[in-house]
Structure formats: structure tokens, C-alpha cells
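This report refers to the structure that appears directly beneath it.
Values reported hereafter were calculated over all heavy atoms of this structure, with side chains retained and with hydrogens, waters and symmetry mates removed. Quick note on labels: first sequence line is chain A, next is B, and so on, each numbered from 1.
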Amino acid sequence: MSAAPVQDLVKRWESEQAHLRLQVVEEDTEDWQRSPDFSGLERVAGVDLSFIKGDDINACAQLVVLNYPDLEVLYEDSQMVTLTAPYIAGFLAFRETPSLLEALQRLQKNQPTLLPQVVFVDGNGLFHYREFGLACHLGVLSGLPCVGVAKNLLQVQGVYKSEEHQSQIAALQKGGESFPLTSASGKMLGKALRSSDSSSKPVYVSVGHKISLDTAVRLTHSCCRYRVPEPIRQADCRSREYLRINFPATDAGMKE
DNA sequence: GCGACAG
DNA sequence: ATCTTGTCGC
């Protein structure tokens, strides 16, 4: 049947990204985003997928909603899903977005009053090969403000782990300090943020949808108890917990 | 051949 | 993503 070469798939995906890219809103659209203390913001969400060691198609899709500013969990949804798309760098969204979108739709159907006002996504937004990472993809398809937070630097758009980059990291003294990640063409695509006083390794924040970069960085900092913003950290912890309980590891080398 | 490659 | 505990330091 479909012996579709990977490059054909990539071509279609690039085309779809280019189309959806036009719909990204890179500015603040909500009143709470303009407030110095985010007055009016009551619910923030985090999403993530966790996998079992030797299995890359079955995963646990997680959505958590926390109250703000206390960051206590108000809602949690763990759902086993079967992924169809492979992971290809630059196309993470085609692998993860469907499951995450479904989780948001379940929430809208079952507990609409708990819908989040912003979603933290594990991965990049505009800081991406074609300025359309997972956080943008989920943002455009859901219509919700989204912030991309990556734990590792994607070397793209002329941004590299250069000596200069390393020294800029070393210059970040306190939680909340950041420096811009600017593309070769001169556009600021994201910021490296020291998310807390105790973590020297920064996180990489970029716009997903319906939020400005400065607001995204400020909000990310205000949601960090540890290095990774609490919504994403909770989603990560809870999806791993779900797998640990429901799919206990079988001892390697031990026969069934 | 070597390095890069969000999750 | 996952493989992985304790340990050194403030």
C-alpha cells in the first residue's frame, strides 16, 4: 500500500507548518497578561507525554491544571494513547499534538469551568527551524495561549552553544534573569531564562501562541518552584507515576 | 567520517 | 523520550 518515503511525509509536514505558521499570534491578547502581577489569571496548565522504556508508540498523555498563583493541582488527566507518527527533529508536534489536543477537548467537555487560560508546553514554540514548534502547533489548533519551554537548547536559526552562549549563561546570577536568543536574520525567537536561584542551567522559553515573549518569560519565572515550571513538572511526574503503577517494569534478563 | 538531533 | 543511585556541596 503506502510505501510513502519519509521525505514525502516531511514535505507534507513542512507545508502544513508553513500554513499554520500564518495563524500564530505573537502578542499578548488577554488582560491578565498586561497586569504586573498577572491579576485575573487563575488557571495554568501543563502537558506532557511519557513513554515506557522499550516502547515508542504507546505513551501516557498528561494534562494538569493548576490554580494561580498557588500552583496547586485542580485537575489531572492521564490517558494511554497510541502514537502513529515517528519522532523527527523539527516535527515533534505531528507526534504529540493529537493526544494533547484530545486531552484539552476532554476537559472542555467534562469540566469546562476548569479550562486553563494558558498552557505550558514541553518543547519549543517560535524557537524552531521554521518558527513553528510544538507550542505554536498546539496553540493554533486549540486557540489557547501557549508558552514553549525547552530543557535543552536547539541549535537552530544561527543560535549555537558557543563560548559566547556559555558565558551568557554564566552571567545569569539570579532567578528571573535572561538573555535573548536571536536568529541570524535578527529576530528574537526566544530567551534563555534562569528559572530559579538554585538552578544554573537555564530553560529556553519561546512564544507558542497568543502571548508576547516578555510576558511568556515573566510568567514562566513566576510558575517555577524548581528549574522546570510547575505545570510541566507536575505533568511529567504524574504521567511517569501513571506508567510506573500501570506498567510495572519487567526485570531485564528474567524470563516471563 | 563526525556531529547534531525540542521530546 | 529512556537507560539510572548515590553523592558532593551549599
For this session: Could you check which residues of residues 154-172 of chain A get a heavy atom under 4.0 Å from DNA chain B? Sort them by number, please.
Result: A:Leu154, A:Gln155
Exercise. Base, sugar-phosphate alone, or nothing: which one does A:Asp56 contact when heavy atoms must sit under 4.0 Å apart?
Worked result: nothing
For this session: May I ask you to decide if the ring planes of A:Tyr204 and A:His165 are parallel, tilted or perpendicular, using 30° and 60° as cut-offs?
Result: parallel
Problem set entry | Which residues share a salt bridge (charged side-chain N to carboxylate O under 4.0 Å, His left out) with A:Glu131, sequence neighbours left out | A:Arg21, A:Lys187
For this session: At under 4.0 Å between heavy atoms, which parts of nucleotides 5-10 of chain C does protein reach? Answer with one letter per nucleotide, 5' to 3': B base, S sugar-phosphate only, - none.
Result: ------
For this session: For A:Tyr87, report the nucleic acid contact type (base, sugar-phosphate, nothing); a contact means any heavy atom under 4.0 Å.
Result: base
For this session: Report which part of the nucleic acid A:Tyr129 touches: base, sugar-phosphate, or nothing (heavy-atom distance under 4.0 Å, all strands).
Result: sugar-phosphate
Problem set entry | ILVMFWY network linking A:Ile232 to A:Val64, side-chain heavy atoms under 4.5 angstrom | yes
Problem set entry | 5'-to-3' dot-bracket of DNA chain C (Watson-Crick, G-U; under 3.5 angstrom; crossing pairs as [ ]; | other strand) | ..........
Exercise. According to a strict under-4.0 Å criterion, is A:Arg95 in side-chain N/O contact with OP1 or OP2 of C:dA1?
Worked result: no
Exercise. With a non-hydrogen cut-off below 4.0 angstrom, is A:Asp122 in contact with a base, only sugar-phosphate, or nothing?
Worked result: sugar-phosphate
Seminar exercise, completed: Footprint ends on DNA chain B, 5' to 3', for atoms under 4.0 angstrom from a heavy atom of chain A, come out as B:dA4 to B:dG7
Exercise. If you look at every strand shown and take non-hydrogen atoms under 4.0 Å, does A:Gly90 touch a base, only sugar-phosphate, or nothing?
Worked result: base
Problem set entry | Secondary-structure stems for DNA chain B, with pairs counted as Watson-Crick or G-U when both distances are under 3.5 Å and runs at least 3 long | none
Problem set entry | Nearest-angstrom distance from the residue atom CG of A:Asp48 to C1' of C:dT2 | 13 Å
